[in-house]
Amino acid sequence: MDELQMLRDLPAVANVSKDRITYSNAFKQVCVIRYLAGESPTKIFREAGLPPELIGYKRIERSVARWKAAVLKSVSGSSNMSNGEIITELVNLYVHAVTRKEKLDDLAGIANPDKANIGNAPHPLDGANVSGGGVYIR
């Protein structure tokens, strides 16, 4: 299997061409949450099946910095919040967005056997309030 096909098969990748990789919004959101929690961007990419030797260490660092900046703009009041508070807000927004998508899929009659059961998933931030809105990262 060639590198492009290997990348196409990854859930973290939305699209790939010989010149560009477009990452899924879910990967970007989870990546920023994990980064704010103190994990290394290289580790996050590697665990998603994206080897830094292929992607490029500097490209990984720049991508995460760009996504983090976009996320911080989307969280109102983030300049006065700790990383933990921002993570809680991002997790809430992410869970809300996934739940909303699943409800829309159900209404449209779209079967999704891989549906994430977010509502029952254990999470270290359990008990946090879910707020409206969504996180959009370029």
Side-chain angles (χ1 to χ4, degrees):
M1 179 185 311
D2 71 332
E3 292 172 340
L4 292 179
Q5 188 58 47
M6 184 267 306
L7 291 171
R8 280 186 190 102
D9 292 341
L10 294 173
V13 176
N15 193 21
V16 65
S17 70
K18 65 179 185 166
D19 300 325
R20 168 175 254 154
I21 301 171
T22 304
Y23 300 99
S24 71
N25 285 335
F27 174 70
K28 293 176 192 177
Q29 293 166 352
V30 170
C31 187
V32 170
I33 290 167
R34 290 177 62 184
Y35 175 72
L36 289 173
E39 291 188 52
S40 152
T42 302
K43 177 184 179 205
I44 298 165
F45 270 67
R46 192 181 310 277
E47 288 178 358
L50 299 159
E53 300 80 17
L54 175 64
I55 306 299
Y57 291 93
K58 194 67 173 175
R59 186 168 285 132
I60 290 171
E61 295 289 333
R62 283 187 298 222
S63 293
V64 172
R66 187 174 60 251
W67 301 339
K68 177 186 170 195
V71 163
L72 292 179
K73 284 183 184 178
S74 74
V75 175
S76 58
S78 64
S79 61
N80 299 322
M81 298 168 80
S82 70
N83 279 354
E85 292 168 324
I86 293 169
I87 291 168
T88 300
E89 183 66 17
L90 292 175
V91 169
N92 290 335
L93 293 170
Y94 180 72
V95 168
H96 180 75
V98 169
T99 303
R100 183 175 54 221
K101 181 189 179 310
E102 289 175 352
K103 286 179 183 177
L104 290 172
D105 286 351
D106 287 344
L107 288 172
I110 299 171
N112 187 353
D114 297 325
K115 186 194 266 188
N117 193 354
I118 295 287
N120 296 326
H123 194 278
L125 299 175
D126 281 347
N129 293 325
V130 176
S131 62
V135 178
Y136 303 98
I137 307 172
R138 293 180 190 191

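It should be emphasised that the depicted structure is a prediction, and the values quoted were computed from it without experimental measurement.
Applying the side-chain contact (heavy atoms from CB on, under 4.5 Å) criterion to Ser40, with sequence neighbours excluded, gives Thr42, Lys43. With sequence neighbours left out, Ala65 forms a side-chain contact (heavy atoms from CB on, under 4.5 Å) with no residue at all.
Leu36 contributes atom CG, which lies 5.0 Å from atom CG of Asn83 (distance to the nearest 0.5 angstrom). Going from atom CD1 of Ile86 over to atom CG of Leu90 covers 7.0 Å, rounded to the nearest 0.5 Å. Atom CG of Asn92 is separated from atom CD1 of Ile87 by 12.0 Å, given to the nearest 0.5 angstrom.
For the pair Met6 and Pro51, the tightest heavy-atom approach, listed with the atom from each and the gap, is CE-CD, 4.4 Å. Across every non-hydrogen atom of Leu50 and Phe27, the tightest pair is CD1-CZ, 3.8 Å.
Ring pair Trp67/Phe45 is parallel by interplanar angle, where below 30° counts as parallel and above 60° as perpendicular.
Proximity of Arg8 to Leu4: side-chain heavy atoms (C-beta onward) are separated by under 4.5 Å at one or more points.
Judged as a salt bridge (charged side-chain N to carboxylate O under 4.0 Å, His left out), not a single pair has a partner in residues 75-87 (not counting sequence neighbours).
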Open item on the list: With side-chain contact (heavy atoms from CB on, under 4.5 Å) as the criterion, how do Lys68 and Val71 come out once you've worked through the C-alpha distance, each side chain's angles and the decisive distance to 0.1 Å?
Closed with: CA-CA 5 Å; Lys68 177 186 170 195; Val71 163; 5.7 Å; no

Identify every side-chain donor-acceptor pair in residues 10-23 under 3.5 Å, counting partners at least two apart or on other chains, and give the distances.
residue : atom : partner : partner atom : Å
Ser17   : OG   : Asp19   : N            : 3.3
Ser17   : OG   : Arg20   : N            : 3.2

Using a 3.5 Å cut-off and no angle test, enumerate the donor-acceptor pairs between side-chain atoms of residues 56-64 and protein atoms at least two apart in sequence or in another chain.
residue : atom : partner : partner atom : Å
Tyr57   : OH   : Glu53   : OE2          : 3.2
Arg59   : NH1  : Ile55   : O            : 3.2
Ser63   : OG   : Arg59   : O            : 2.9

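No donor-acceptor contact under 3.5 angstrom links the side chains of Asn25 and Gln29, judged on distance only.
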